[in-house]
Asks: 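What follows is a single structure, and I will ask about it in a moment.
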Amino acid sequence: MEIVTLAARGQMIYAALGSGEIEAGAFSADYRFLGPREFGLNIIDTPSPGYVPVVAGCTRRLVTEDRRLVARVVQGYVEAIHFFKTRRSEVVPVLQQFLGFKDRGAVEAAYDFYAPLFQPSPRPSEIGLEKLLRDSERRQPGTKSLSPADVIEPSFLDELERSGLIQSLYGG
């Protein structure tokens with residue numbers, strides 16, 4: 001199995017989104033530094049306490065054309081958060097390989113820092129959304145001002161919560 005480094009993955013996602021090759025991607029906080037310089041995209045705000053800046057996004061067109069696919073991705077995202085939070089002994093070695101860190105202690109410290117911050121139901125941050133909207137308006141002057149409701153689609157998480165999946169993952 002090939003493991004793509006975090007840096008390579010982020011660069012591929014930004015480049016593909018920028019060129020229109022893909023319509024969705026997930027980004028980690030580290031790309032708040034690289035994205036604007038290399039790809040002209042700044043979708044991640046500087047983290048504030050208690051905020052895990054990981055973004056999963058897609059176009060409205062994809063939601064309309066294949067809602068079932070987007071729902072499965074969101075469910076997978078929620079299940080991956082649960083796995084990350086609850087399976088430390090399995091996550092740390094994979095995370096170490098993925099990040100390319102030789103120092104296992106650094107990976108364990110990163111895990112210990114981030115695991116409690118991930119929300120079981122990963123709702124978008126108002127701070128991050130406001131930053132996204134301001135950056136969008138700066139990049140495209142004269143375009144319609146957007147509201148958070150224009151860029152988020154909470155129904156996927158709402159459906160997972162109503163189905164009881166999130167509660168069942170965490171023993172609720």
Asks: Given L165 and Q75, is the side-chain contact (heavy atoms from CB on, under 4.5 Å) satisfied, shown in steps?
Replies: CA-CA 9 Å; L165 175 79; Q75 180 174 336; 3.7 Å; yes
Asks: Does the ring centre of Y114 sit less than 6.0 Å away from the ring centre of F84?
Replies: no
Asks: More than 12 heavy atoms of other residues, nucleotides or ligands under 6.0 Å from CZ of R61: is that the case?
Replies: no
Asks: Sequence neighbours excluded, which residues qualify as side chain to side chain contact (heavy atoms under 4.5 Å, CB included) partners of A71?
Replies: F156
Asks: Is the shortest heavy-atom distance from the side chain of Q96 to the side chain of D103 under 4.5 Å?
Replies: no
Asks: With side-chain contact (heavy atoms from CB on, under 4.5 Å) as the test, would you mind laying out the steps for D112 and R88 before giving the verdict?
Replies: CA-CA 9 Å; D112 292 341; R88 185 181 197 274; 3.0 Å; yes
Asks: Output yes when a side-chain donor or acceptor of E161 lies under 3.5 Å from a complementary backbone atom of I166, and no otherwise.
Replies: no
Asks: First locate atom CG of D158, then atom OG of S121, and finally report the distance between them rounded to the nearest 0.5 Å.
Replies: 8.0 Å
Asks: Can you sort out the partners of R60 under side chain to side chain contact (heavy atoms under 4.5 Å, CB included), two or more places apart, ordered by chain and number?
Replies: E153
Asks: Measure the shortest side-chain to side-chain distance between V78 and P120 over non-hydrogen atoms and say whether it is less than 4.5 angstrom.
Replies: no
Asks: Distance check, rounded to the nearest 0.5 Å: L169 atom CG versus L160 atom CG?
Replies: 9.0 Å
Asks: Taking all non-hydrogen atoms of both residues, which atom of L62 and which atom of V70 are closest, and how far apart?
Replies: CG-CG2, 3.9 Å
Asks: Which residues satisfy the ring-ring contact (aromatic ring centres under 6.0 Å, His included) test with F83, sequence neighbours excluded?
Replies: none
Asks: Please identify each residue that fulfils salt bridge (charged side-chain N to carboxylate O under 4.0 Å, His left out) with E90, with sequence neighbours left out.
Replies: R87
Asks: Output every pair passing salt bridge (Lys or Arg N to Asp or Glu O under 4.0 Å) with a member in residues 66-81, not counting sequence neighbours, ordered by first then second residue.
Replies: R67-E159
Asks: Sequence neighbours left out, what passes salt bridge (charged side-chain N to carboxylate O under 4.0 Å, His left out) with E108? Give chain and number order.
Replies: R104
Asks: Can you tell me how far apart CG (L157) and CZ (R162) are? Round to the nearest 0.5 Å.
Replies: 10.5 Å
Asks: Indicate the atoms forming the closest heavy-atom contact of Y111 with K85, along with that distance.
Replies: OH-O, 3.3 Å
